[in-house]
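Worksheet: one structure, shown below.
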Amino acid sequence: RLRKWQERIRTKDAGERNLQFALSEIDRMASALGVPRSVREVASVIYRRALDDDLIRGRSIEGVATAALYAACRKEGIPRSLEEISDVSRVERKEIGRTYRYISQELGLEMEPVDPKKYVPRFCSELQLSEEVQTKANEIIEETAEQGLLSGKSPTGYAAAAIYAASLLCNEKKTQREVADVAQVTEVTIRNRYQEQIEAMGIHG
Amino acid sequence: MVDPKETINIENVVASTGIGQELDLQSVAMDLEGADYDPEQFPGLVYRTQEPKSAALIFRSGKIVCTGAKSTDDVHESLRIVFDKLRDLQIQVDEDPEIVVQNIVTSADLGRNLNLNAIAIGLGLENIEYEPEQFPGLVYRLDDPDVVALLFGSGKLVITGGKKPEDAEEAVDKIVSRLEELGLLD
DNA sequence: AGCTTACTTTGTAAAGC
DNA sequence: GCTTTAAAAAGTAAGCT
(Lines give C-alpha, C1' and ligand atoms only; values in the text may rest on other atoms or scores of the structure.)
Protein backbone atom coordinates (compact mmCIF):
# COMPACT_ATOMS: atom_id res chain seq x y z
CA ARG A 1 0.00 0.00 0.00
CA LEU A 2 2.85 2.33 0.83
CA ARG A 3 4.42 1.42 -2.50
CA LYS A 4 1.27 2.20 -4.37
CA TRP A 5 1.00 5.50 -2.54
CA GLN A 6 4.58 6.37 -3.40
CA GLU A 7 3.94 5.46 -6.99
CA ARG A 8 0.89 7.67 -7.07
CA ILE A 9 2.93 10.58 -5.69
CA ARG A 10 5.68 9.90 -8.18
CA THR A 11 3.35 9.83 -11.17
CA LYS A 12 1.55 12.88 -9.87
CA ASP A 13 4.81 14.78 -9.53
CA ALA A 14 5.89 13.66 -12.97
CA GLY A 15 2.54 14.79 -14.30
CA GLU A 16 2.92 18.18 -12.67
CA ARG A 17 6.41 18.54 -14.08
CA ASN A 18 5.18 17.59 -17.52
CA LEU A 19 2.26 19.96 -17.22
CA GLN A 20 4.59 22.80 -18.09
CA PHE A 21 5.59 21.06 -21.29
CA ALA A 22 1.99 20.20 -22.18
CA LEU A 23 0.83 23.77 -21.68
CA SER A 24 3.67 25.15 -23.78
CA GLU A 25 2.79 22.66 -26.52
CA ILE A 26 -0.85 23.76 -26.39
CA ASP A 27 0.36 27.35 -26.68
CA ARG A 28 2.62 26.56 -29.61
CA MET A 29 -0.09 24.67 -31.52
CA ALA A 30 -2.74 27.28 -30.71
CA SER A 31 -0.48 30.01 -32.05
CA ALA A 32 0.20 28.03 -35.22
CA LEU A 33 -3.55 27.60 -35.66
CA GLY A 34 -4.24 31.24 -34.86
CA VAL A 35 -6.95 30.53 -32.31
CA PRO A 36 -7.81 33.06 -29.56
CA ARG A 37 -6.47 32.89 -26.02
CA SER A 38 -9.81 31.66 -24.68
CA VAL A 39 -9.37 28.42 -26.61
CA ARG A 40 -5.91 27.86 -25.09
CA GLU A 41 -7.37 28.38 -21.66
CA VAL A 42 -10.17 25.87 -22.26
CA ALA A 43 -7.62 23.42 -23.66
CA SER A 44 -5.46 23.89 -20.56
CA VAL A 45 -8.39 23.21 -18.27
CA ILE A 46 -9.26 20.04 -20.20
CA TYR A 47 -5.64 18.88 -20.04
CA ARG A 48 -5.51 19.50 -16.28
CA ARG A 49 -8.72 17.57 -15.79
CA ALA A 50 -7.30 14.69 -17.85
CA LEU A 51 -4.17 14.79 -15.68
CA ASP A 52 -6.18 14.83 -12.43
CA ASP A 53 -8.29 11.91 -13.63
CA ASP A 54 -5.15 9.98 -14.55
CA LEU A 55 -6.11 9.73 -18.22
CA ILE A 56 -2.58 10.24 -19.48
CA ARG A 57 -1.38 6.74 -18.55
CA GLY A 58 -0.48 4.79 -21.66
CA ARG A 59 -0.76 7.88 -23.83
CA SER A 60 1.69 10.55 -24.87
CA ILE A 61 1.56 13.99 -23.26
CA GLU A 62 1.59 15.54 -26.70
CA GLY A 63 -1.32 13.33 -27.79
CA VAL A 64 -3.49 14.38 -24.85
CA ALA A 65 -2.46 18.03 -25.25
CA THR A 66 -3.40 17.94 -28.94
CA ALA A 67 -6.71 16.19 -28.25
CA ALA A 68 -7.48 18.76 -25.55
CA LEU A 69 -6.87 21.56 -28.03
CA TYR A 70 -9.07 19.87 -30.64
CA ALA A 71 -11.86 19.56 -28.07
CA ALA A 72 -11.38 23.15 -26.91
CA CYS A 73 -11.70 24.53 -30.45
CA ARG A 74 -15.00 22.68 -30.83
CA LYS A 75 -16.27 23.74 -27.40
CA GLU A 76 -15.50 27.36 -28.25
CA GLY A 77 -17.39 27.12 -31.53
CA ILE A 78 -14.36 27.54 -33.79
CA PRO A 79 -13.57 23.96 -34.74
CA ARG A 80 -10.40 22.88 -36.50
CA SER A 81 -10.54 19.57 -38.37
CA LEU A 82 -8.35 16.68 -37.21
CA GLU A 83 -6.42 17.23 -40.43
CA GLU A 84 -5.69 20.85 -39.55
CA ILE A 85 -4.84 19.94 -35.96
CA SER A 86 -2.44 17.20 -37.02
CA ASP A 87 -0.68 19.69 -39.31
CA VAL A 88 0.60 21.54 -36.21
CA SER A 89 1.08 18.47 -33.98
CA ARG A 90 3.70 15.77 -34.10
CA VAL A 91 0.99 13.24 -33.26
CA GLU A 92 -0.71 11.52 -36.17
CA ARG A 93 -4.35 12.15 -37.00
CA LYS A 94 -5.57 8.70 -36.02
CA GLU A 95 -4.01 8.93 -32.56
CA ILE A 96 -5.40 12.44 -31.98
CA GLY A 97 -8.88 11.20 -32.88
CA ARG A 98 -8.61 8.19 -30.57
CA THR A 99 -7.28 10.21 -27.66
CA TYR A 100 -9.96 12.87 -28.18
CA ARG A 101 -12.74 10.25 -28.09
CA TYR A 102 -11.23 8.75 -24.95
CA ILE A 103 -10.88 11.97 -22.93
CA SER A 104 -14.22 13.19 -24.22
CA GLN A 105 -15.91 10.05 -22.86
CA GLU A 106 -13.96 9.90 -19.60
CA LEU A 107 -14.35 13.58 -18.75
CA GLY A 108 -17.97 13.59 -19.86
CA LEU A 109 -17.39 16.55 -22.17
CA GLU A 110 -20.68 15.76 -23.96
CA MET A 111 -19.42 17.19 -27.22
CA GLU A 112 -22.04 17.89 -29.82
CA PRO A 113 -21.37 16.95 -33.43
CA VAL A 114 -19.62 19.75 -35.32
CA ASP A 115 -21.99 22.02 -37.22
CA PRO A 116 -20.60 22.46 -40.78
CA LYS A 117 -21.71 26.11 -40.67
CA LYS A 118 -18.94 26.72 -38.12
CA TYR A 119 -16.40 26.26 -40.91
CA VAL A 120 -18.05 28.66 -43.35
CA PRO A 121 -16.63 32.04 -42.19
CA ARG A 122 -13.03 30.83 -42.01
CA PHE A 123 -13.05 28.85 -45.26
CA CYS A 124 -14.83 31.64 -47.14
CA SER A 125 -12.42 34.22 -45.79
CA GLU A 126 -9.45 32.14 -46.93
CA LEU A 127 -11.08 31.95 -50.35
CA GLN A 128 -11.86 35.68 -50.31
CA LEU A 129 -15.54 35.06 -50.83
CA SER A 130 -18.18 37.67 -50.01
CA GLU A 131 -20.65 37.80 -47.17
CA GLU A 132 -23.32 36.93 -49.70
CA VAL A 133 -21.66 33.60 -50.46
CA GLN A 134 -21.33 32.82 -46.76
CA THR A 135 -25.01 33.49 -46.20
CA LYS A 136 -25.93 31.32 -49.20
CA ALA A 137 -23.66 28.49 -48.02
CA ASN A 138 -25.25 28.62 -44.58
CA GLU A 139 -28.71 28.42 -46.14
CA ILE A 140 -27.70 25.37 -48.15
CA ILE A 141 -26.25 23.65 -45.08
CA GLU A 142 -29.24 24.52 -42.94
CA GLU A 143 -31.85 23.36 -45.42
CA THR A 144 -30.16 20.17 -46.61
CA ALA A 145 -29.20 19.15 -43.07
CA GLU A 146 -32.84 19.55 -42.09
CA GLN A 147 -33.73 17.15 -44.88
CA GLY A 148 -31.44 14.59 -43.29
CA LEU A 149 -28.51 14.78 -45.70
CA LEU A 150 -25.94 15.44 -42.99
CA SER A 151 -26.12 12.10 -41.15
CA GLY A 152 -22.73 10.38 -41.18
CA LYS A 153 -21.04 12.98 -43.37
CA SER A 154 -17.84 14.76 -42.46
CA PRO A 155 -18.54 18.41 -41.48
CA THR A 156 -15.61 19.79 -43.50
CA GLY A 157 -16.64 18.04 -46.71
CA TYR A 158 -20.23 19.11 -46.18
CA ALA A 159 -19.23 22.75 -45.63
CA ALA A 160 -16.85 22.66 -48.60
CA ALA A 161 -19.58 21.45 -50.96
CA ALA A 162 -22.03 24.11 -49.76
CA ILE A 163 -19.40 26.83 -50.21
CA TYR A 164 -18.59 25.57 -53.70
CA ALA A 165 -22.30 25.57 -54.60
CA ALA A 166 -22.82 29.03 -53.09
CA SER A 167 -19.85 30.46 -54.99
CA LEU A 168 -21.44 29.26 -58.23
CA LEU A 169 -24.87 30.65 -57.34
CA CYS A 170 -23.43 34.03 -56.42
CA ASN A 171 -21.24 34.31 -59.52
CA GLU A 172 -18.05 34.24 -57.48
CA LYS A 173 -16.95 30.84 -58.70
CA LYS A 174 -14.14 28.99 -57.01
CA THR A 175 -12.96 25.70 -58.46
CA GLN A 176 -13.50 22.45 -56.61
CA ARG A 177 -9.71 22.25 -56.23
CA GLU A 178 -9.51 25.66 -54.55
CA VAL A 179 -12.26 24.83 -52.07
CA ALA A 180 -10.88 21.33 -51.54
CA ASP A 181 -7.47 22.76 -50.64
CA VAL A 182 -8.70 25.11 -47.91
CA ALA A 183 -11.06 22.49 -46.46
CA GLN A 184 -8.47 19.72 -46.79
CA VAL A 185 -10.86 17.28 -48.45
CA THR A 186 -10.75 15.77 -51.94
CA GLU A 187 -12.56 17.09 -55.01
CA VAL A 188 -14.41 13.78 -55.14
CA THR A 189 -15.96 14.44 -51.74
CA ILE A 190 -17.01 17.96 -52.76
CA ARG A 191 -18.53 16.59 -55.98
CA ASN A 192 -20.53 13.93 -54.12
CA ARG A 193 -21.85 16.25 -51.40
CA TYR A 194 -22.52 19.03 -53.94
CA GLN A 195 -24.69 16.76 -56.11
CA GLU A 196 -26.79 15.69 -53.12
CA GLN A 197 -27.16 19.23 -51.83
CA ILE A 198 -28.24 20.90 -55.08
CA GLU A 199 -30.69 18.08 -55.71
CA ALA A 200 -32.18 18.50 -52.23
CA MET A 201 -32.35 22.27 -52.77
CA GLY A 202 -34.09 21.80 -56.10
CA ILE A 203 -31.34 23.70 -57.89
CA HIS A 204 -30.39 22.69 -61.39
CA GLY A 205 -26.62 22.96 -61.51
CA MET B 1 -43.84 -2.16 -42.07
CA VAL B 2 -41.31 -4.97 -41.99
CA ASP B 3 -40.24 -5.98 -38.51
CA PRO B 4 -36.57 -4.96 -38.30
CA LYS B 5 -35.97 -8.25 -36.46
CA GLU B 6 -36.72 -10.06 -39.72
CA THR B 7 -33.87 -8.22 -41.42
CA ILE B 8 -31.25 -9.47 -38.99
CA ASN B 9 -28.40 -11.31 -40.65
CA ILE B 10 -25.47 -12.96 -38.92
CA GLU B 11 -22.30 -11.75 -40.66
CA ASN B 12 -19.57 -13.24 -38.52
CA VAL B 13 -19.20 -15.61 -35.59
CA VAL B 14 -16.05 -15.85 -33.47
CA ALA B 15 -15.51 -18.94 -31.30
CA SER B 16 -12.72 -20.54 -29.31
CA THR B 17 -11.88 -24.15 -28.55
CA GLY B 18 -8.89 -26.42 -27.91
CA ILE B 19 -7.74 -29.89 -28.95
CA GLY B 20 -6.31 -30.68 -25.50
CA GLN B 21 -2.83 -31.21 -26.89
CA GLU B 22 0.22 -29.03 -27.42
CA LEU B 23 1.36 -28.51 -30.98
CA ASP B 24 4.60 -28.07 -32.88
CA LEU B 25 3.36 -25.32 -35.17
CA GLN B 26 6.53 -25.44 -37.26
CA SER B 27 5.82 -29.00 -38.37
CA VAL B 28 2.09 -28.37 -38.70
CA ALA B 29 2.93 -25.46 -41.01
CA MET B 30 5.11 -27.80 -43.11
CA ASP B 31 2.48 -30.51 -43.47
CA LEU B 32 -0.74 -28.51 -43.61
CA GLU B 33 -1.43 -27.17 -47.08
CA GLY B 34 -2.39 -23.50 -47.14
CA ALA B 35 -1.20 -22.81 -43.60
CA ASP B 36 0.25 -19.36 -42.89
CA TYR B 37 2.69 -19.28 -40.01
CA ASP B 38 4.97 -16.36 -39.18
CA PRO B 39 5.80 -16.54 -35.45
CA GLU B 40 7.77 -13.30 -35.64
CA GLN B 41 4.61 -11.49 -36.63
CA PHE B 42 1.97 -13.46 -34.70
CA PRO B 43 2.18 -16.58 -32.49
CA GLY B 44 -0.79 -18.27 -34.16
CA LEU B 45 -0.88 -20.32 -37.35
CA VAL B 46 -3.60 -19.27 -39.79
CA TYR B 47 -5.58 -21.96 -41.59
CA ARG B 48 -8.53 -21.14 -43.87
CA THR B 49 -11.41 -23.46 -44.69
CA GLN B 50 -13.25 -22.97 -47.98
CA GLU B 51 -16.68 -24.42 -47.21
CA PRO B 52 -17.88 -23.12 -44.86
CA LYS B 53 -15.58 -20.15 -45.31
CA SER B 54 -13.66 -19.33 -42.14
CA ALA B 55 -10.23 -18.69 -40.72
CA ALA B 56 -8.79 -20.68 -37.83
CA LEU B 57 -5.98 -19.39 -35.66
CA ILE B 58 -4.12 -22.38 -34.22
CA PHE B 59 -1.81 -21.90 -31.25
CA ARG B 60 1.08 -23.84 -29.73
CA SER B 61 -1.05 -24.54 -26.66
CA GLY B 62 -3.57 -26.39 -28.80
CA LYS B 63 -6.15 -23.65 -28.40
CA ILE B 64 -7.94 -22.56 -31.55
CA VAL B 65 -9.93 -19.47 -32.54
CA CYS B 66 -12.36 -19.74 -35.44
CA THR B 67 -13.63 -16.58 -37.11
CA GLY B 68 -15.48 -15.60 -40.26
CA ALA B 69 -18.27 -18.19 -40.11
CA LYS B 70 -21.83 -17.10 -40.92
CA SER B 71 -23.57 -19.19 -38.23
CA THR B 72 -22.83 -21.23 -35.13
CA ASP B 73 -23.44 -24.34 -37.24
CA ASP B 74 -20.80 -23.18 -39.68
CA VAL B 75 -18.39 -22.65 -36.79
CA HIS B 76 -18.87 -26.28 -35.74
CA GLU B 77 -18.54 -27.51 -39.31
CA SER B 78 -15.39 -25.45 -39.91
CA LEU B 79 -13.79 -26.66 -36.70
CA ARG B 80 -14.74 -30.27 -37.51
CA ILE B 81 -12.74 -29.84 -40.71
CA VAL B 82 -9.80 -28.36 -38.81
CA PHE B 83 -9.87 -31.16 -36.23
CA ASP B 84 -9.87 -33.80 -39.00
CA LYS B 85 -6.99 -32.10 -40.82
CA LEU B 86 -4.95 -32.23 -37.62
CA ARG B 87 -5.88 -35.89 -37.07
CA ASP B 88 -4.65 -36.56 -40.61
CA LEU B 89 -1.26 -35.31 -39.41
CA GLN B 90 -1.30 -37.97 -36.65
CA ILE B 91 -2.10 -35.37 -34.02
CA GLN B 92 -4.26 -36.42 -31.06
CA VAL B 93 -7.44 -34.35 -30.93
CA ASP B 94 -10.01 -34.63 -28.12
CA GLU B 95 -13.31 -36.35 -28.97
CA ASP B 96 -15.69 -33.40 -28.75
CA PRO B 97 -13.75 -30.31 -27.79
CA GLU B 98 -15.94 -27.66 -26.18
CA ILE B 99 -16.61 -24.80 -28.57
CA VAL B 100 -17.45 -21.44 -27.02
CA VAL B 101 -18.97 -18.64 -29.09
CA GLN B 102 -17.22 -15.42 -28.10
CA ASN B 103 -18.78 -12.86 -30.41
CA ILE B 104 -21.52 -12.62 -33.02
CA VAL B 105 -21.60 -9.77 -35.55
CA THR B 106 -24.99 -9.00 -37.03
CA SER B 107 -26.41 -6.49 -39.50
CA ALA B 108 -30.02 -5.28 -39.71
CA ASP B 109 -32.15 -2.59 -41.32
CA LEU B 110 -34.61 -0.28 -39.58
CA GLY B 111 -36.19 0.50 -42.95
CA ARG B 112 -36.01 4.30 -42.80
CA ASN B 113 -33.35 6.96 -42.78
CA LEU B 114 -32.04 8.16 -39.44
CA ASN B 115 -31.17 11.66 -38.31
CA LEU B 116 -28.05 10.76 -36.38
CA ASN B 117 -27.66 14.27 -35.02
CA ALA B 118 -31.10 14.13 -33.41
CA ILE B 119 -30.50 10.58 -32.19
CA ALA B 120 -27.20 11.63 -30.59
CA ILE B 121 -28.98 14.30 -28.58
CA GLY B 122 -32.03 12.13 -27.91
CA LEU B 123 -30.13 9.11 -26.59
CA GLY B 124 -27.91 11.48 -24.62
CA LEU B 125 -24.43 12.62 -25.62
CA GLU B 126 -23.05 10.80 -22.58
CA ASN B 127 -24.46 7.49 -23.83
CA ILE B 128 -23.23 7.57 -27.41
CA GLU B 129 -20.22 8.34 -29.56
CA TYR B 130 -20.85 10.08 -32.86
CA GLU B 131 -17.88 11.58 -34.66
CA PRO B 132 -18.74 11.70 -38.37
CA GLU B 133 -15.35 13.23 -39.11
CA GLN B 134 -13.85 9.92 -38.01
CA PHE B 135 -16.54 7.34 -38.76
CA PRO B 136 -20.07 7.66 -40.27
CA GLY B 137 -21.72 5.42 -37.69
CA LEU B 138 -23.13 6.39 -34.30
CA VAL B 139 -21.85 4.07 -31.56
CA TYR B 140 -24.47 3.04 -29.00
CA ARG B 141 -23.54 0.73 -26.12
CA LEU B 142 -26.36 -1.25 -24.49
CA ASP B 143 -26.22 -2.76 -21.01
CA ASP B 144 -28.75 -5.52 -21.56
CA PRO B 145 -28.03 -7.27 -23.79
CA ASP B 146 -24.35 -6.35 -23.45
CA VAL B 147 -23.69 -5.42 -27.07
CA VAL B 148 -22.58 -2.45 -29.14
CA ALA B 149 -24.67 -1.07 -31.98
CA LEU B 150 -23.43 1.02 -34.87
CA LEU B 151 -26.28 3.09 -36.35
CA PHE B 152 -26.05 4.59 -39.82
CA GLY B 153 -27.90 7.35 -41.64
CA SER B 154 -29.40 4.80 -44.03
CA GLY B 155 -31.19 3.08 -41.15
CA LYS B 156 -28.92 0.06 -41.38
CA LEU B 157 -27.08 -1.05 -38.30
CA VAL B 158 -24.47 -3.46 -37.00
CA ILE B 159 -24.73 -5.26 -33.66
CA THR B 160 -21.57 -6.76 -32.21
CA GLY B 161 -20.35 -8.15 -28.92
CA GLY B 162 -23.22 -10.59 -28.45
CA LYS B 163 -22.74 -14.25 -27.53
CA LYS B 164 -26.00 -15.63 -28.89
CA PRO B 165 -28.27 -14.73 -31.82
CA GLU B 166 -31.05 -13.66 -29.43
CA ASP B 167 -28.81 -10.86 -28.14
CA ALA B 168 -29.05 -9.13 -31.51
CA GLU B 169 -32.83 -9.56 -31.61
CA GLU B 170 -33.25 -8.09 -28.14
CA ALA B 171 -30.90 -5.25 -29.03
CA VAL B 172 -32.81 -4.37 -32.20
CA ASP B 173 -36.09 -4.44 -30.27
CA LYS B 174 -34.74 -2.14 -27.58
CA ILE B 175 -33.21 0.25 -30.07
CA VAL B 176 -36.43 0.44 -32.07
CA SER B 177 -38.60 1.09 -29.01
CA ARG B 178 -36.13 3.65 -27.64
CA LEU B 179 -36.08 5.55 -30.93
CA GLU B 180 -39.85 5.32 -31.17
CA GLU B 181 -40.43 6.73 -27.70
CA LEU B 182 -38.08 9.56 -28.60
CA GLY B 183 -40.11 10.15 -31.75
CA LEU B 184 -37.02 9.64 -33.89
CA LEU B 185 -38.34 6.89 -36.11
CA ASP B 186 -40.99 8.83 -38.02
C1' DA C 1 -15.10 10.67 -64.22
C1' DG C 2 -15.16 5.79 -62.75
C1' DC C 3 -13.39 1.70 -60.88
C1' DT C 4 -10.66 -0.72 -57.59
C1' DT C 5 -8.50 -1.18 -53.34
C1' DA C 6 -8.02 0.19 -48.74
C1' DC C 7 -8.51 2.52 -44.53
C1' DT C 8 -11.77 4.42 -40.54
C1' DT C 9 -15.39 2.09 -36.28
C1' DT C 10 -17.35 -1.91 -33.10
C1' DG C 11 -16.53 -6.68 -30.51
C1' DT C 12 -13.83 -11.22 -29.47
C1' DA C 13 -10.53 -15.13 -28.40
C1' DA C 14 -5.72 -16.82 -28.81
C1' DA C 15 0.30 -16.18 -27.11
C1' DG C 16 3.90 -13.17 -26.79
C1' DC C 17 6.34 -8.98 -26.67
C1' DG D 1 -0.90 -1.50 -25.43
C1' DC D 2 0.43 -4.11 -29.99
C1' DT D 3 0.56 -8.01 -33.24
C1' DT D 4 -3.61 -11.47 -36.54
C1' DT D 5 -8.34 -13.18 -38.18
C1' DA D 6 -13.27 -12.36 -39.92
C1' DA D 7 -17.53 -9.56 -41.36
C1' DA D 8 -20.98 -5.65 -41.85
C1' DA D 9 -22.23 -0.73 -42.08
C1' DA D 10 -20.91 4.18 -45.12
C1' DG D 11 -17.68 7.86 -45.75
C1' DT D 12 -13.33 9.24 -47.39
C1' DA D 13 -9.09 8.73 -49.94
C1' DA D 14 -5.61 7.30 -53.30
C1' DG D 15 -4.11 5.21 -57.54
C1' DC D 16 -5.01 3.98 -62.30
C1' DT D 17 -7.15 4.22 -66.74
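Proteins get letters first, then strands, A, B, ... in listed order; numbering begins at 1 in each. Quantities reported herein were computed from a predicted structural model and do not represent experimental measurements. Basis for what follows: all heavy atoms, side chains included, without hydrogens, waters or symmetry-related copies.
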- Base, sugar-phosphate, or nothing: which does Thr106(B) touch, judged by heavy atoms less than 4.0 Å apart? nothing

- Message: Please report the distance separating the P of dC2(D) from the corresponding atom of dT8(C), rounded so that it comes out in whole Å.
- Response: 12 Å

- Message: Which is more 5' along DNA chain D, the nucleotide nearest Val65(B) or the one nearest Phe152(B)? Just name the residue.
- Response: Val65(B)

- May I ask you to verify if any side-chain N or O of Arg60(B) is less than 4.0 angstrom from the OP1 or OP2 atom of dG16(C)? yes

- Using a 4.0 Å heavy-atom cut-off across all strands, classify Val13(B) as base, sugar-phosphate, or nothing. nothing

- Message: Please compare Phe135(B) and Thr67(B) by the position of their nearest nucleotide in DNA chain C and report the one closer to 5'.
- Response: Phe135(B)

- Message: Please tell me if Lys153(A) has a side-chain N or O lying less than 4.0 Å from either OP1 or OP2 of dT12(D).
- Response: no

- Query: Base, sugar-phosphate alone, or nothing: which one does Arg59(A) contact when heavy atoms must sit under 4.0 Å apart?
  - Reply: nothing

- Presence of salt bridge, Glu95(A) and Arg98(A), under 4.0 angstrom: no

- Kindly say if Ser16(B) contacts the phosphate of dA14(C), meaning a side-chain N or O under 4.0 Å from OP1 or OP2. no

- What's the CD-P distance between Glu11(B) and dA9(D), to the nearest Å? 6 Å

- Which part of the nucleic acid, if any, lies within reach of Ser54(B) when heavy atoms closer than 4.0 Å are counted: base, sugar-phosphate only, or nothing? nothing

- Considering every strand shown, what is the Watson-Crick or G-U wobble mate of dG11(C) when both distances are under 3.5 Å? none

- Contact class for Val148(B) vs. all strands (heavy atom < 4.0 Å): base, sugar-phosphate, or nothing? sugar-phosphate

- Task: May I ask you to decide if Leu109(A)'s main-chain N or O and Lys75(A)'s side chain share a donor-acceptor pair within less than 3.5 Å?
- Result: yes

- Answer yes or no: side-chain N or O of Ser107(B) and base N or O of dA8(D) forming a donor-acceptor pair under 3.5 Å. no

- Message: Would you measure the distance from the P atom in dG2(C) across to the matching atom in dA8(D) and give it in whole Å?
- Response: 26 Å

- Tell me which nucleotide among dA15(C), dT12(C), dA8(D) gets nearest to the side chain of Lys70(B). dA8(D)

- Rounded to the nearest angstrom, tell me the gap between atom CZ in Phe59(B) and atom P in dA15(C). 7 Å

- Message: Taking 4.0 Å as the cut-off, does a side-chain nitrogen or oxygen of Arg98(A) come that near to OP1 or OP2 on dC2(D)?
- Response: yes

- Query: Considering only the P atoms, how many Å lie between dG1(D) and dT9(C), rounded to the nearest integer?
  - Reply: 14 Å

- Quick one: on DNA chain C, does Arg101(A) or Lys163(B) contact a more 5' nucleotide (nearest heavy atom)? Arg101(A)

- Task: Take Tyr70(A) and Thr99(A) through the side chain to side chain donor-acceptor pair (under 3.5 Å) test and state the conclusion after the steps.
- Result: CA-CA 10 Å; Tyr70(A) 172 76; Thr99(A) 305; over 6 Å; no

- Against the side chain of Val185(A), the closest entry in dA13(D), dT4(D), dA10(D) is dA13(D)

- Message: Looking only at the side chains, is there a donor atom on one of Ser130(A) and Glu172(A) sitting less than 3.5 Å from an acceptor on the other?
- Response: yes

- Message: Could you check whether Gln102(B) and Ser16(B), counting side-chain N and O atoms only, form a donor-acceptor pair closer than 3.5 Å?
- Response: yes

